[in-house]
Amino acid sequence: DSGVTQTPKHLITATGQRVTLRCSPRSGDLSVYWYQQSLDQGLQFLIQYYNGEERAKGNILERFSAQQFPDLHSELNLSSLELGDSALYFCASSVLSTGETQYFGPGTRLLVL
Amino acid sequence: AQSVSQHNHHVILSEAASLELGCNYSYGGTVNLFWYVQYPGQHLQLLLKYFSGDPLVKGIKGFEAEFIKSKFSFNLRKPSVQWSDTAEYFCAVNPFGSQGNLIFGKGTKLSVKP
């Protein structure tokens, strides 16, 4: 158990819908990262927040957005869902914002039908 | 663009065989390097990491990795694998001085036959 929690564990929804994935970092960690894992793309970095502020952006679609709240938990919002958005979404956390070990949560498996 | 290459997609070994998984990255500057493991149905766990110092790093469960700067490589090794090592292994790079996001390789699936 890494100390990073993610909910829900599984999510099944339809195309065009919107979902919210939630992540709570390890106690004391200020950075939260979101990654998408799919069979064709592998593990891709989406976005990073540090202490409430966006710090880095990767291959995140415009239909996706994220935020980090004052209690440091983070939410990833996925809207206008497409079949291709089906993937495993991981959250990771670290103490600072650069050059550190990231600890990963168990992931949310999203299936878009 | 920075990238990480893991040359072997799927490796099949018998128990007690030695393991070496290749990882090469494309970035000219200083990097932090990581190997993560993902057991079936589980999340990513850190095996080992290299930030600086001795280029031979030891991790958990008997794994080690060697950083060879001239070859831009960070290969993972284990002298004798066990059935419980069956998992997917990911090499990841974080360019020094950049934000903390990791660039992952595509992963190598290891199957160990009992």
Side-chain angles (χ1 to χ4, degrees), chain A residues 1-7 9-10 23-26 29-51 53-60 66 68 74 87-109, chain B residues 1-10 21 23 25 27 29-53 57-60 63 65 67 74 87-109:
Chain A
D1 184 2
S2 66
V4 179
T5 60
Q6 288 187 249
T7 56
K9 212 170 179 179
H10 303 277
C23 168
S24 292
R26 292 186 321 156
D29 284 1
L30 298 177
S31 257
V32 168
Y33 311 80
W34 286 97
Y35 293 87
Q36 180 193 58
Q37 186 180 34
S38 61
L39 280 174
D40 53 342
Q41 296 291 324
L43 262 162
Q44 300 263 310
F45 166 70
L46 295 178
I47 197 163
Q48 176 197 0
Y49 277 81
Y50 174 74
N51 205 19
E53 291 187 2
E54 182 184 303
R55 274 300 173 98
K57 225 168 183 175
N59 298 322
I60 188 165
Q68 186 180 28
S74 178
L88 197 48
Y89 291 84
F90 285 110
C91 166
S93 73
S94 65
V95 177
L96 300 176
S97 70
T98 62
E100 286 199 310
T101 300
Q102 294 178 28
Y103 295 88
F104 282 76
T108 293
R109 187 171 292 279
Chain B
Q2 298 142 9
S3 65
V4 177
S5 297
Q6 290 183 243
H7 314 295
N8 309 103
H9 180 62
H10 192 185
L21 301 183
C23 172
Y25 61 93
Y27 181 72
T30 305
V31 291
N32 296 320
L33 296 156
F34 304 82
W35 275 99
Y36 282 86
V37 62
Q38 188 176 27
Y39 297 103
Q42 295 191 26
H43 61 284
L44 287 154
Q45 300 173 40
L46 181 69
L47 265 183
L48 46 79
K49 62 188 178 187
Y50 174 79
F51 286 179
S52 64
V57 292
K58 295 196 183 299
I60 61 171
F63 286 90
F67 170 51
F74 190 55
E88 193 155 14
Y89 293 80
F90 293 90
C91 180
V93 166
N94 171 234
F96 185 78
S98 73
Q99 290 304 313
N101 55 284
L102 296 173
I103 303 164
F104 281 91
K106 293 277 191 187
T108 297
K109 192 171 180 180

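Given the structure is predicted, the values throughout are model-derived calculations rather than measurements. The sequence lines fix the lettering, A, B, ..., with proteins before strands; numbering per chain opens at 1.
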Counting only heavy atoms from other residues, nucleotides and ligands, does the tally under 6.0 Å from NE2 of His9(B) exceed 12?
no
Cut-off 4.5 Å, heavy atoms of chain B, and the answer for Asn59(A) is neither
Bottom line for Leu88(A): the part with an atom under 4.5 Å from chain B's heavy atoms is side chain
Turns out that what part of Gln38(B) lies under 4.5 Å from chain A's heavy atoms comes down to side chain
**Prompt:** NZ of Lys109(B): more than 12 outside heavy atoms within 6.0 angstrom?
**Reply:** no
Heavy atoms of His43(B) and Gly105(A) approach each other most closely as CB-O, 2.9 Å
Most contact-rich option vs chain B, by heavy-atom pairs under 4.5 angstrom, among Phe90(A), Tyr35(A), Tyr50(A), Tyr103(A), is Tyr35(A)
The reported gap from OH in Tyr36(B) to CZ in Phe104(A) (rounded to nearest 0.5 angstrom) is 5.0 Å
Looking at side-chain heavy atoms only, is the closest gap between Phe34(B) and Thr101(A) below 4.5 Å? yes
Rounding to 0.5 Å, atoms CG (Asn101(B)) and CD (Gln102(A)) come to a distance of 7.5 Å
Whatever's closer than 4.5 Å to a heavy atom in chain B on Gln37(A) counts as side chain
Per-residue tally against chain B (heavy atom, under 4.5 Å) across Arg55(A), Gln44(A), Gln6(A) peaks at Arg55(A)
If one checks every heavy atom of Leu46(B) against chain A at 4.5 Å, the contacting part turns out to be side chain
Checklist entry - Counting only heavy atoms not in Leu39(A), do more than 12 fall under 6.0 Å of its CG? => result no
If one checks every heavy atom of Ser31(A) against chain B at 4.5 Å, the contacting part turns out to be neither
When rounded to the nearest 0.5 Å, the distance separating CG of Asp1(A) from CD of Gln42(B) is 11.0 Å
Are more than 12 heavy atoms from other residues, nucleotides or ligands located less than 6.0 Å from atom CZ of Arg109(A)?
no
